[in-house]
Protein chains: 2
Amino acid sequence: MVPANQHDGPVHRGGSVHRGIFGAAASDPKSSGGGKRRSPLSRGAVLRAALELVDADGLEALSMRRLGHRLDRDPMALYRYAANRDALLDGLTELLLDQWAIPGAADGDVPEAWQDQLRQAAHRFRSLVLQHPHIVPLLVTRPLSTPLGLRPPGALRPLEQLLAVLTRAGFGPSGALHAYRAYYGFLIGHLINELEEFVVNPDEDEAGLRLGLHRLPPEDFPHLRRLAAQLLDYDGETELDQGITIVLHGLQAQLDGPAQRSQ
Amino acid sequence: MVPANQHDGPVHRGGSVHRGIFGAAASDPKSSGGGKRRSPLSRGAVLRAALELVDADGLEALSMRRLGHRLDRDPMALYRYAANRDALLDGLTELLLDQWAIPGAADGDVPEAWQDQLRQAAHRFRSLVLQHPHIVPLLVTRPLSTPLGLRPPGALRPLEQLLAVLTRAGFGPSGALHAYRAYYGFLIGHLINELEEFVVNPDEDEAGLRLGLHRLPPEDFPHLRRLAAQLLDYDGETELDQGITIVLHGLQAQLDGPAQRSQ
DNA sequence: ACCGTAGACTCTACGGTGTAGAGTTATAAA
DNA sequence: TTTATAACTCTACACCGTAGAGTCTACGGT
């Protein structure tokens, strides 16, 4: 349930000094009270500052120089905590994935609850992502450049836990993998969809005008133009819930169907 | 079936000189045969060159300067065909979406075929994206910054056509929208998943080693480590097909269920 | 033949970026 | 006191997007 994280110090060597989850420090003056030397940074502090920067102003606003400025350190100091900017971005996705709590992942639960567990996990992931919408592109892009086994454990934990839930539900190894892919694929796809729902001009009264739909030639886009009202009262939460229901039904059918077991 | 595209010339004014789909020119010497002055570029030529650059070396390799060099033009010349780099990226997503052919979008088809049509469309989208994997981040990120009505028609056409298919299938306006979202959400999610499947070291014999799974502590990742073999023989096409089947069944159920019609 | 105009492009420059390499300082250990 | 090391800073380089002004060519009008 709670992130169980690893090294926090400099990046080149796992210093193994456990300072807490993603590191504390960085605000209290250390032992000697000169006031001249600040307490050293930590990977956790750097990542958290980076996330704040991204949340506030988007991904492009995250530059080494700006982050250095925000932490009151020379930009080059950051390279002690992330090998380069890409590694920093990877750290952000890890920071996020590591917060994804998947219910019922511990042993000893009733196996029938797997559908509720997956449903809950989906909603948690959604609210997590909505708190940090700017990192979605990272979620989509970054892992692509890192092969499975080399990704940080924090980023793999959700996958492992989902596989555990599915296995307890009765899926075989390959079945669990297929089920995971269908589930996570739908989940991430939904979030991309949801984040793309937008309004041009909230002050405008008429639905079509708010979306800018009046610019579209009616003869080319009859269906779209007719949907102005429906496009506006989008409810991401129930939309996700209904979609997840479809997926879960499909998975249940596979469980009940033939040739399960070793498949 | 075939992209029907609009202006192609300079960006500030829709020159309305129709030179063909996304523009020709850019290789044949124009009327006067001095050999001194090259024929002018075109938006289409610029976008195509940009796509080639991205396909070859990834998104980060697409800089105005590199693109200018490739087209043998000063980088600033490109600003005649795209207002800035972001607009260039938007042009790339349009270039791609515009190629997505959705079968049966023309009127007069048998309405029962909608499931096959959506299935086919999904497979076409997949092969399109696999030809240009580097643009997936754009597909995910770019529309986010452009409200629906302001997106270029080429990027909205697939949406319109999918809505047409769903409407002919019997969905009401809101139902069609929900169905579209479930369908496209799953589709894009699957592709993200599929693109993240990777091998570390193809020369390695043993499955776990090829994925780098041996680095993971066995006590923390029992399920993942057990899946080495299954992770390796991933077949994106049938995976997509099975997932789409689930979604289509779910949608069919909604069609058969109560309260369809005006909903 | 001359001029004016407009399109397509180039030149220069500014402020920003990631990061290599070497240098600095403060603390802890010997 | 000396030495080692961790944490950090300084300087510099090559690249980036793009604003602003200038150039060069083709063409239409007179």
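Chain letters run A, B, ... following the sequence lines, proteins first, then strands; residues in each count from 1.
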request  = Taking side chain to side chain donor-acceptor pair (under 3.5 Å) as the test, write out the residues that go with A:Arg66, two or more places apart.
outcome  =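 Once residues adjacent in sequence are excluded, A:Arg66 has no partner under the side chain to side chain donor-acceptor pair (under 3.5 Å) criterion.
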inquiry  = Can you list everything that forms a side chain to side chain donor-acceptor pair (under 3.5 Å) with B:Arg225? Sequence neighbours excluded, please.
reply    = none
Could you work out, with side chain to side chain contact (heavy atoms under 4.5 Å, CB included) as the rule, every residue matching [X], not counting sequence neighbours?
{"X": "B:His223", "value": "A:Glu160, A:Leu163, A:Ala164, A:Thr167, B:Arg226"}
{"X": "B:Asp74", "value": "B:Met76"}
{"X": "B:Thr141", "value": "A:Pro137"}
{"X": "B:Ala155", "value": "B:Leu97, B:Pro152"}

Name every donor-acceptor pair, under 3.5 Å, that has one atom in a side chain of residues 211-221 of chain A and the other anywhere in the protein, sequence neighbours excluded.
none

query = Between which residue ranges does DNA chain D form stems of three or more consecutive Watson-Crick or G-U wobble pairs, both distances under 3.5 Å?
reply =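 Looking at DNA chain D, the stems formed by three or more consecutive pairs are C:1-30 with D:1-30.
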message = Parallel, tilted or perpendicular, judged at 30° and 60°: which one describes the rings of A:Trp100 and A:Tyr184?
response =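 It falls in the tilted class, 30° to 60°.
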remark   = A correct 5'-to-3' footprint of nucleotides 10-21 of chain C, with B, S and - meaning base, sugar-phosphate only and no protein heavy atom under 4.0 Å, is BB-B---BBBBB
query = For the pair made of CZ in B:Arg80 and P in D:dT23, what is the distance, rounded to whole Å?
reply =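 After rounding, the gap between these two atoms is 17 Å.
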ask   = Distance check: side-chain N/O of B:Tyr81 vs OP1/OP2 of C:dG7, anything under 4.0 Å?
value =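 For B:Tyr81, the contact criterion (side-chain N or O under 4.0 Å from OP1 or OP2 of C:dG7) is not met.
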